[in-house]
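When a ligand or atom number is given, it counts from 1 through the structure's own listing order. For reference, positions follow the sequence shown, starting with 1.
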Amino acid sequence: METKNIGLRGIEVADTKISNIDGEKGKLIYRGFDILDLTKNSTFEETAYLLLYDKLPTKQELNEFNGKLVEARYIPKQMQKNMENWRGDADPMDMLQAFVSALAGYYDEEFSSKDASYEKAINLIAKVPTIIASWHRIRNGLEIIDPESSLGHAANFLYMMSGEKPDPEVEKIFDVCLILHADHTFNASTFTARQVASTRAHMYSASSAAIGALSGELHGGANTEVMKMLLEISEINKVDSWIKEKLSQGEKVMGMGHAVYKTYDPRAQVLKELSRKLAAKSGEQWFEMTEKIETATILEMKSQKGKDIYPNVDLYSASIYYMLKIPVDLNTPIFAISRVAGWAAHIIEEKFAEAAPKTALYRPKAVYVGKYCGPQGCEYKTLDLRK
Ligand code: COA
């Protein structure tokens, strides 16, 4: 018997009001709003509010929300001290997962109500950038930089990481990147968060599980792998042969392909233009090289496998972060800085859905293909009788 539904592709598992993908048309909406519209007119903070509260905020609501985020940006000094015990070359995603989980142990708090979950959501959105920036400074033997209340979410992270306040253009580019990564329906990490939340586990627990899922190279880890690929290829004229060889060996090209989009990922379109813009300014080769990878992969996939393939969100974000002087291994943690807003919205929806959307504890069915010795089961032999 062949297992149906491997990887749950195309299987509907729950209702959601948070976001929707039209994989054929290449469209993504958050709470009804086209992400292309949001990237032009919104900010990450406003988009996070929209995802959490299912409405665009009024001026006063946004001010209050921003105020709460600014206040919640600090992390316990003891947590920063604990980071000093970690190996300097530890993966930042492992560190992030551990310290997001640890947040639950730093305060004497209430976890189970809806109000408490919103509070934790704000806390997480505010603290994830500080955890990442603190760790980055510690591992490089640098002074930790406290959050700067006058800066927006995007600019504040860049400042805490590098010690330099970004110019408005860089701030806007990074803010757009955060908007684009904030939610994406039931992707692997969000589904993980929902699955954990469906057991009624709390916000920090479900989010740390999601961080684990995001770290894998077939999901959020792909942007780090894209940059490693660009650095490995290193010269534009080597792209074609490199891609040809990888695909003929049955390997995957990171940043290409998607489980849902059967056309160009709309996020990749925006990111491609941002990468082009940054490269035009800096004169670096990374945009041109990425574009060549896109073209070569499309051509090779067609000729080797007769299949169409398109870039996903990770292809062009890698070069953008590199040109913004962000260390390669922070690419995936940056994804988490943004996606935590989506996770939080989904965790709240999963736990507190009233009449609709309908949710239930996830419990899929497995197809057992292991040993079967008959109706009595396999014969158990004590240790000394086993060979
Ligand atoms: N490089 C080479 N081949 C790829 C590919 C890639 N990036 N993406 C898909 N394919 C191949 C698959 O292996 C599959 O081949 P097969 O039929 O011979 O087994 C075929 O194309 C169809 O794949 P599809 O069903 O469209 O996608 P999927 O759901 O199996 O995989 C991903 C989706 C995201 C896991 C896959 O595209 C991938 O691994 N991409 C690289 C990692 C990445 O960038 N992840 C970030 C996603 S946002």
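Under the 30°/60° scheme for interplanar angles, the aromatic rings of Y321 and H181 are found to be tilted. Relative orientation of the W286 and Y322 rings is perpendicular, given thresholds of 30° and 60° on the angle between their planes. Note on ring orientation: taking the six-membered ring where Trp is involved, the planes of W86 and W135 are perpendicular (angle over 60°, cut-offs 30° and 60°).
Nearest protein heavy-atom contact of atom 34 (C) of ligand 1 is G257 O, 3.9 Å. Distance from atom 36 (C) of ligand 1 to its nearest protein heavy atom, with residue and atom name: K252 NZ, 3.9 Å. Atom 9 (C) of ligand 1 has I309 CD1, 4.2 Å as its closest protein atom, hydrogens excluded (heavy atom only). Among all protein heavy atoms, the one lying closest to atom 47 (C) of ligand 1 is N312 ND2, 3.6 Å. Closest to atom 21 (O) of ligand 1 among all protein heavy atoms lies M301 CE, 3.7 Å. The protein heavy-atom contact nearest to atom 19 (O) of ligand 1 is K307 NZ, 4.6 Å. Considering only non-hydrogen protein atoms, atom 33 (C) of ligand 1 sits nearest to A259 N, 3.6 Å. Atom 1 (N) of ligand 1 has its closest protein heavy atom at V253 N, 2.9 Å.
Summarising the contacts of atom 24 (P) of ligand 1 with M256, E217, R9, K262, the nearest heavy atom is found in K262.
Looking at E349 and R194, a side-chain N of the basic residue comes within less than 4.0 Å of a carboxylate O on the acidic one, giving a salt bridge. Between K17 and D54 there is no salt bridge, since no side-chain nitrogen of the basic residue lies less than 4.0 Å from a carboxylate oxygen of the acidic one. Salt-bridge check for E148 with R73: failed, with every basic side-chain N at 4.0 Å or more from each acidic carboxylate O.
For atom 16 (P) of ligand 1, a protein heavy-atom neighbour is found at a distance under 4.0 Å. Distance screen at 4.0 Å: atom 26 (O) of ligand 1 has a protein heavy-atom neighbour inside the cut-off. Under the 4.0 angstrom criterion, atom 42 (C) of ligand 1 counts as having a protein heavy-atom contact.
Side-chain contact, S112 with E110: a donor N or O sits under 3.5 Å from an acceptor N or O. With hydrogens and angles left out, the side-chain atoms of E61 and Y53 include no donor and acceptor closer than 3.5 Å. Side chain to side chain, D384 and T382 meet the donor-acceptor criterion of an N or O pair below 3.5 Å.
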**OP:** Would you check, one step at a time, whether the test salt bridge (charged side-chain N to carboxylate O under 4.0 Å, His left out) holds for K77 with D146?
**Re:** CA-CA 11 Å; K77 290 280 170 227; D146 280 338; 3.5 Å; yes
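Of the polar atoms of M254, none of the N or O atoms is found under 3.5 Å from an N or O of ligand 1, judged by distance alone. Any N or O atom pair closer than 3.5 Å counts here, and D314 shares no such pair with ligand 1. Any N or O atom pair closer than 3.5 Å counts here, and G255 shares at least one such pair with ligand 1. Distances between N or O atoms of R267 and those of ligand 1 include no value under 3.5 Å. Between E251 and ligand 1, no N or O atom pair is found at a separation short of 3.5 Å.
Taking every heavy atom of A222 and a limit of under 4.0 angstrom, the matching atoms of ligand 1 come to 43 (C), 44 (O), 45 (N), 46 (C). Every atom of ligand 1 with a heavy atom of H219 under 4.0 Å away is listed here by number and element: 46 (C). Using a 4.0 Å cut-off to heavy atoms of L218, the atoms of ligand 1 that qualify are 39 (O), 45 (N), 46 (C), 47 (C). Within ligand 1, counting atoms from 1 as listed, the ones closer than 4.0 Å to a heavy atom of L247 are 2 (C).
Aromatic pair F44/F174: ring centres not closer than 6.0 Å. Residues H184 and Y261 place their aromatic rings such that the two centres sit under 6.0 Å apart.
The closest donor-acceptor contact from the side chain of N312 to the backbone of D314 lies under 3.5 Å.
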